[in-house]
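Small disclaimer: the values here were computed from a predicted structure and weren't measured. Atoms within a ligand are numbered from 1 in the order they appear, just like the ligands themselves. Counting from 1, the numbers follow the sequence of the chain as shown.
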Amino acid sequence: MTDSSGTSASATGGFGVSGLTGPARAANAARTAVVWDALSRLLARLSEDGPLEIVDAGGGTGGVAVPLAELGHRVTVVEPSPDSLAALERRASESGVTVRGVQGETRDLASLFPEGSADLVLVHNVLEYVDEPAAALADVAGITRPGGAVSLLATNAVAGVLHRALAGQITEAQHLLSDAEGRWGEADPMPRRFAPQQLLELIAQSGLSGETLRGVRVFADILPGHAWEGDAQAGQHLVELEKAAADHPELLGIATQLHVIANKP
Ligand SMILES: C[S@@+](CC[C@H](N)C(=O)[O-])C[C@H]1O[C@@H](n2cnc3c(N)ncnc32)[C@H](O)[C@@H]1O
C-alpha cells in the first residue's frame, strides 16, 4: 500500500488486513471488499492532484484510517473514546504511518476543521450511535469541500430482521420489523439501524447528493463460516459474489450494511 491510487491495497483484499492470516483474512476480505472497492475508485478520482485531506468521523481504532494513511493521504480520526484513540496510535505506529487522532464527536467537527476543508469524510457505522443523525450528517457535510465526498456506511434495519429470525429470536425480529429506530428491544446494544430509504432521505436533507446505495455483507454474515473461511478459493469466490451482489436492488434488503458515496455539490 504505497500510492494514493488504492490499487495495491485493493489487491490485498481490503481494510486492516495486515497481520491477518487464513480464515480471519478470508472473513475480513469478504466483509470489506465492497466498501474498499468503492473507496478505491473514489480515491483514484479525488486524488488526481495528490494526497487527500481525509477525516474519519468516529474512526475508532483506525481500521480504515491507517490503511488510508498507508496510501499517503493525510488522515485525522475524530473519536470520543480515549481507549480507541490509544489503539489507533499503536496501530498507526506499528504500520509506520502518522494518523492524527482528536478526541471529539461529530458535533465538534465544525469547530475542529474549517468549513469545506476535507476532501473526503468517512462516517462508517457511526450514525447508529449519535444522538441526532441528521445533525451529525449536516456537520459532516459542512466540513466537506465542494466537489469532495462523504463515505457513509450504516447498519441495515431490514437485514437485522432476517438476522434475528435466523438466530431463532422470532419475537425480536418482529419487534425490529416495525420499530422506528430499527431496534429489536430494550436490550439491543445498537441504538439505531436504518432502512435504505431513511438513509437516502438523511443524505438529501444534509445537502449532499447521494448516489446509489450498495449492499455490504449480503452473504458473508449468513453463510456458515466453515463453508468458506478455511478455503482460500471459496473465500475468493465469496468476495466476487459480494461484489456482484452489492448493486443488486433486491439483495440490498438482506445486506448487513448499506454503503453510499455521497458528493458535496
Ligand atoms: C462501530 S464503531 C465504528 C468504528 C469505525 N468507524 C469503523 O468502521 O471501524 C462506532 C464508533 O463511533 C464512535 N462514536 C460514538 N458516538 C460518536 C459521536 N457522537 N461522534 C463521533 N463518534 C462517535 C464510537 O466511539 C466508535 O468508535
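- At a threshold of 4.5 Å between side-chain heavy atoms, the hydrophobic network of Ile, Leu, Val, Met, Phe, Trp and Tyr places Val75 and Leu88 in one connected group.
- Considering only non-hydrogen atoms, atom 12 (O) of ligand 1 lies nearest to Val126 out of Thr32, Val78, Val126, Thr155.
- Distance from atom 4 (C) of ligand 1 to its nearest protein heavy atom, with residue and atom name: Gly58 O, 3.4 Å.
- Ionic pairing of Arg192 and Glu128 is not present here: no N-O contact between side-chain nitrogen and carboxylate oxygen is shorter than 4.0 angstrom.
- Here the protein heavy atom with the shortest distance to atom 9 (O) of ligand 1 is Gly59 O, 4.8 Å.
- Under a 4.0 Å N-O distance rule, the pair Arg183/Glu181 does not qualify as a salt bridge.
- No N or O atom of Ser81 sits closer than 3.5 Å to an N or O atom of ligand 1.
- Shown here for Ala87 and Thr61, the closest heavy-atom pair between the two residues is CB-CG2, 3.7 Å.
- Residue contacts with ligand 1: Tyr129 is placed with no nitrogen or oxygen under 3.5 Å of a nitrogen or oxygen of the ligand (distance criterion only).
- For the side chain to side chain donor-acceptor pair (under 3.5 Å) with Arg164, the lone residue among Gln169, Gln174, Glu172 that qualifies is Glu172.
- A salt bridge between Arg107 and Asp139 is absent, with no side-chain N of the basic residue lying under 4.0 Å from a carboxylate O of the acidic one.
- Ligand-side atoms of ligand 1 in range of Val130: 18 (C), 19 (N), range being under 4.0 angstrom from any heavy atom.
- Of the protein's non-hydrogen atoms, the one nearest atom 17 (C) of ligand 1 is Pro80 CG, 3.8 Å.
- Among protein heavy atoms, atom 13 (C) of ligand 1 sits closest to Glu79 OE1, 3.7 Å.
- For ligand 1, the polar-atom distance check finds no N/O of Ser84 at less than 3.5 Å from any of the ligand's N/O atoms.
- Here the side chains of Thr76 and Phe113 are in contact, with some heavy-atom distance below 4.5 Å.
- Under a 4.0 angstrom heavy-atom cut-off, Gly63 registers as lying outside contact with ligand 1.
- At a cut-off of 3.5 Å, with distance as the only test, a side-chain donor of Ser151 or His259 sits close to an acceptor on the other residue.
- Ligand 1 places these atoms under 4.0 Å from at least one heavy atom of Thr106: 20 (N), 21 (C).
- The protein non-hydrogen atom at the shortest distance from atom 10 (C) of ligand 1 is Asn125 O, 3.3 Å.
- If you check which protein heavy atom lies closest to atom 3 (C) of ligand 1, you get His124 O, 3.6 Å.
- Among protein heavy atoms, the minimum distance from atom 19 (N) of ligand 1 is reached at Glu105 OE1, 3.2 Å.
- The pair Asp179-Arg193 fails the salt-bridge criterion, with no side-chain N (NZ, NE, NH1 or NH2) lying under 4.0 Å from an Asp/Glu carboxylate O.
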